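Reviewing the structure listed below.
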Amino acid sequence: MLNYSSKELEKQWQLYWAKNRSFEPSEDFTKPKKYILSMFPFPSGRLHMGHVRNYTLSDAFARYYRQQGFNVLHPIGFDSFGMPAENAAIKNGSHPKKWTYDNIDYMKGEFKSLGFSFSKERELATSDELYTKFEQSFIIDMYEKGLLYRKKGFLNWCPSCHTVLANEQVIDGSCWRCDSDVVKKDMNQYYFKITEYGDELLSDLSKLEGGWPKQVLTMQENWIGKSNGLEFKLSFDEKSQERLNNKFDGFSVFTTRPDTIYGVSYAALAPEHEIVSYMIENSLLDKETIEKIKEMKNTSSIDRQKEKSGVALNLHVLHPLTKKSVPIWVANFVLMDYGSGAVMAVPAHDERDFDFAKKYDLPIKGVIKPFGGEFSADKPFTDVGELFDSEMFNTLNSKEAQAKIIEHFEDKKIGKKTTNFKLKDWGVSRQRYWGAPIPFVHCHDCGIVMEKKENLPIALPEDIVITGEGNPLDHHPTWKHCKCPKCGIDAVRETDTMDTFVESSWYFLRFCASPKNWQIEAFSKEQIKYWMHQGVDHYIGGIEHAILHLLYARFFTKVFRDLGYLEFDEPFGRLLTQGMVLKDGAKMSKSKGNTVDPDAIIEKYGADTARLFILFAAPPTQELEWNDNAVDGAYKFIKRFFERSVNVYKTDKIPTLEHSKLNKEEKFARKKVYEALVRAEDVYREKYTFNTMIAGVMEAMNALNLQSNSDVWSEGYWILTSIMEPVIPHTCWEISSQKFSFANLAPQRVVDEVFVENTLILGVSINGKARTEIEVSPDATNDVIIAMAKESASKWLEGKTIIKEIVVPKKLVNLVIKD
RNA sequence: GCCUGCGUGGUGAAAUGGUAGACACGGCGGAUUCAAAAUCCGCUAACGCGAGUUGUGGCGGUUCGAGUCCGCCCGCAGGUACCA
């Protein structure tokens, strides 16, 4: 066994694992469990290095916990619905289903060749009809509970993908997938009422503290965007009401700064506001004004941000407290989909209101001044200060005034305390073929009717033509025609399919179900209770899912809880967000031409090399710079690790050694081995810094190589192959099977005697600066140590006075001196 | 703008407030070889022949002692943005 041949060795163990069902979880729910999950891939065709990093990490956890005796669930699947399958269909004329499942087959082969210890029997693809069946059933439940509804609205529409996008899928005004400019389109679609869970999604973030990266918690918090304030109505004066044919008596506004209420000098409506629309439709505005408003509406959200613009409506409202007349404007910076689409404007204390007031020469009325200072109208004052010109609230601290003014509005019944969220309901309809059909029927008589559960799944037709224009399901000759499930007359199926984020919002629950029950249930309460206790134990994936996927999955968990399917609040106990894989300082991408193909690396070096390099080159949360030379180095280490196992004898028990009889090199080697073990335990528990764990093993190897005691070698390998198995499993199983009958792939005991030293080296520093070293006995008293330190450092002490002596046990001595 | 992170050798990176640079890559030198590859050994923060001096983005502070803690500033990355 001198020659390391990665290819044969890896293939052999992969076969062995498959044959022995080595990675299937047990159904014995009395055992302690670990649920290790990596975010499942979209079957794009081939794995990229980001995937390899992701699954190498989860595999290391899974293998470690198996060694520790846990019942480990480490499943994998494919998030297999989605637009790329259709885009490929348009481009190559392939069928989305064939394209998808061919890719899945190929990628499964890649998983195998990387030695990932996934459960084979729980593999799934979300485009499987069985998966769709249960998903549609959940959708029906959610509709019945009022958590899914249909409404007309202004939607984000990608003209290139010909589909609607959720707010979360619009990045800087562009489509998250194809980067086209997103436009607004008025149409019907289905929404999940995620806003109903806004408060809980926010407050439960505190339950995740410690388990999730702070960064992700902050991102979710900002995305949910809760703000407290005052909502009140601004009422039109009589003249304005008449002008509006008495159709409107006013409009509602929301502010987080009620303390600035006396500084209101105008109010502004969004261009899409209903009052504005009414005026346009009923020709209550002159041509020029209508043109200006239309122009604002047609400007994209990015362009709207460039410069403020607006137009006066010649309407007036009465200030709610002072009853003074306040002019109404239409302003492009007022958003229709936040609050009520209308704002009170206080230019003295708000940047946006200020810019707008400057541009249109509107009055700026200060009501808050800096403590001990004066208000200046040169720029808006937005800090906390003292109220003035605010009637009964004068001299109050502006922070305190907020609550008081809200109270005042509530007492007078002219306004109320309100909370607003940035989070909006999640639009899920997609005008696409390759997705799960929304299981509803449109009946002329009954309206929207849910399909009967026994008819599920409503599967996709396979004989379709995909052109890229419109929705293939809508164009299909027969698919959408059906009978109303309620009254039986001719009806039409909903042709919208669901956003693919719906599938990834519950897949982690599906994995908990025993495959033997897959046909009859989505998952069972009992099994979920076991596997999901404290959530998924380690969830690993890219930071790019910090908002979308993780928020939706949290939402679904809470909904399922309220539907009675499960009994916990949060799906993922611990989250590890891995860094990107870079080459030449940039993210690997086909367009940049800096990709490294995992298959090529496996072919050249083997899977263990790829795995070792990835875990060694950087800690998981950091970016990982690909380095061909260092990959080569990883290969050489494995080869050396394998070949030096000739020094190890065959045994099925860890050798026992009499430490005191060993020579210096032998003792040092043992110490290094056990140091590596201690480090490994820390890594899995909390730090995840596999790089330092591997460095420890390398140090131990270097130390073993300095001695030739075969007991020390054998004990060392017993432990080191156990530590390294999660990282380079093929190599370690080979060594372990040949030398230890696998008995070492089990929890290891730390032997404390190896850390006992008969002399200690202490650093000696003068005024905190390292100068020299002394060698002392471990039980030397401080007096002795200081005396030795002084002698050793005498050169630096000449002519100086020692004013303080500090001994840090086992570390150093610091002498503080002065002239 | 706001919110998170992060700034350490030629490079990837280590370092519970206690001798900065472990481990590895690269580089240099040597052994082996007819030669090369592979392998093995040694050196490798900078400056200096050396004793030594200087060094963790910058400036301060706390401390016997700061890469680490605190304050301000600079730079980079990610997220987010007329959210009233």
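In the text below, chain A, chain B and the rest are named by the order of the sequence lines, each starting its count at 1. All values reported here derive from a predicted model rather than from experimental measurement.
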When you check every protein heavy atom under 4.0 Å of nucleotides 14-28 of chain B, what one-letter string (B, S, -) results, 5' to 3'? S---BB--BBSSS--
What is the separation between atom NZ on Lys422(A) and atom P on A81(B), rounded to the nearest whole Å?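 To the nearest whole Å, that distance equals 7 Å.
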Under the salt bridge (Lys or Arg N to Asp or Glu O under 4.0 Å) test, residues paired with Lys790(A) that sit two or more places apart: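 Counting only residues at least two positions away or on another chain, Lys790(A) forms a salt bridge (Lys or Arg N to Asp or Glu O under 4.0 Å) with Glu805(A).
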With rounding to the nearest 0.5 Å, note down the distance linking [atom1] in [X] to [atom2] in [Y].
X         : Y         : atom1 : atom2 : result
Thr577(A) : Met219(A) : OG1   : CE    : 9.0 Å
Gln220(A) : Asn222(A) : CD    : CG    : 10.5 Å
Ile261(A) : Phe409(A) : CD1   : CZ    : 4.0 Å

What is the nucleic acid contact for Glu307(A), judged by heavy atoms within less than 4.0 Å: base, sugar-phosphate only, or nothing?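 Base, at least one base heavy atom under 4.0 Å.
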Just checking Lys587(A): base, sugar-phosphate only, or nothing, at a heavy-atom cut-off of under 4.0 Å?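 Contact class for Lys587(A): none.
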With side chain to side chain donor-acceptor pair (under 3.5 Å) as the criterion, how do Asn228(A) and Thr419(A) come out once you've worked through the C-alpha distance, each side chain's angles and the decisive distance to 0.1 Å? CA-CA 4 Å; Asn228(A) 295 315; Thr419(A) 302; 2.9 Å; yes
Kindly state each residue pair satisfying salt bridge (charged side-chain N to carboxylate O under 4.0 Å, His left out) with at least one member in residues 692-706 of chain A, sequence neighbours excluded.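 Of all non-adjacent pairs touching residues 692-706 of chain A, those that pass salt bridge (charged side-chain N to carboxylate O under 4.0 Å, His left out) are Lys672(A)-Glu699(A), Arg679(A)-Glu699(A).
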Most 5' of Phe421(A) and Trp796(A) on RNA chain B, judged by nearest nucleotide: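 The residue mapped nearer the 5' terminus is Trp796(A).
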Salt bridge or not for [X] and [Y], using N-O below 4.0 Å?
X         : Y         : answer
Arg257(A) : Asp350(A) : no
Glu209(A) : Lys214(A) : no
Glu623(A) : Lys587(A) : no

What integer number of Å spans the [atom1] atoms of [N] and [M]?
N      : M      : atom1 : value
G7(B)  : U56(B) : C1'   : 9 Å
C70(B) : C23(B) : C1'   : 33 Å
G30(B) : U68(B) : P     : 42 Å

Interface residues of residues 211-218 of chain A with RNA chain B (non-hydrogen, below 4.0 angstrom):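 Residues of residues 211-218 of chain A under 4.0 Å from RNA chain B: Lys214(A), Gln215(A), Thr218(A).
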In chain order, what residues pass the side chain to side chain contact (heavy atoms under 4.5 Å, CB included) check against Thr195(A), with sequence neighbours excluded?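 So Thr195(A) forms a side chain to side chain contact (heavy atoms under 4.5 Å, CB included) with Lys193(A), Asp425(A).
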Here RNA chain B, pairs taken as Watson-Crick or G-U under 3.5 Å and shown with ( ), [ ] when crossing and | when to another strand, reads (((((((..(((.....[....)))((((((.......))))))(((....)))..(((((..]....))))))))))))....
